[in-house]
Engineer: 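Supplied in structure tokens, the structure appears directly below.
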Amino acid sequence: MTAEIRGLQISNMPNKVIIMIQYMDVWREVWTDGRALPANVGAAGKDSLDPRYNGYSVGHWEND
């Protein structure tokens, strides 16, 4: 990312952290609201999540 001088911005919100990448207008959401990882990622159903690109992320804060 930084070796090719591409813009990157990280925004902290109450329920998620968004990482915005200038190259190709890509972003990644890291959910911090306590939700679990979905079990149907990559499944064949219409409600399944697509695992390509940046994936699906959850996280949590520890200490400060």
Side-chain angles (χ1 to χ4, degrees):
M1 239 355 120
T2 58
E4 297 183 23
I5 315 299
R6 294 184 174 156
L8 174 74
Q9 182 176 0
I10 300 173
S11 297
N12 185 18
M13 298 180 176
N15 64 342
K16 63 184 168 183
V17 174
I18 298 180
I19 303 169
M20 294 173 279
I21 305 163
Q22 184 178 8
Y23 178 70
M24 294 178 57
D25 297 326
V26 177
W27 71 91
R28 180 179 190 121
E29 297 172 325
V30 180
W31 295 96
T32 57
D33 59 359
R35 66 180 67 188
L37 283 171
N40 62 346
V41 176
K46 66 175 182 137
D47 295 326
S48 65
L49 296 171
D50 187 356
R52 295 179 293 179
Y53 299 107
N54 287 321
Y56 187 92
S57 300
V58 297
H60 66 276
W61 293 110
E62 291 186 19
N63 302 325
D64 284 339

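Computed over heavy atoms, backbone and side chain alike; hydrogens, waters and symmetry mates excluded.
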Engineer: Please report the interatomic distance CD1(I21) to CH2(W27), rounded to the nearest 0.5 Å.
Structural biologist: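 Spacing of CD1 (I21) from CH2 (W27) equals 11.0 Å.
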Engineer: Who pairs with E62 by side-chain hydrogen bond (donor to acceptor under 3.5 Å, both in side chains), at least two apart in sequence or on another chain?
Structural biologist: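 Only H60 meet the side-chain hydrogen bond (donor to acceptor under 3.5 Å, both in side chains) criterion with E62.
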Engineer: Mind listing the closest non-hydrogen atom pair of T32 and K16 along with its distance?
Structural biologist: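 Closest approach of T32 to K16: OG1-N, 3.4 Å.
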Engineer: Can you tell me which residue among N15, V17, L37 is in a side chain to side chain contact (heavy atoms under 4.5 Å, CB included) with W31?
Structural biologist: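 Of the listed residues N15, V17, L37, the side chain to side chain contact (heavy atoms under 4.5 Å, CB included) partner of W31 is N15.
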Engineer: Can you measure from CZ (R28) to CG (L8) and round to the nearest 0.5 angstrom?
Structural biologist: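 Separation between the atoms: 12.0 Å.
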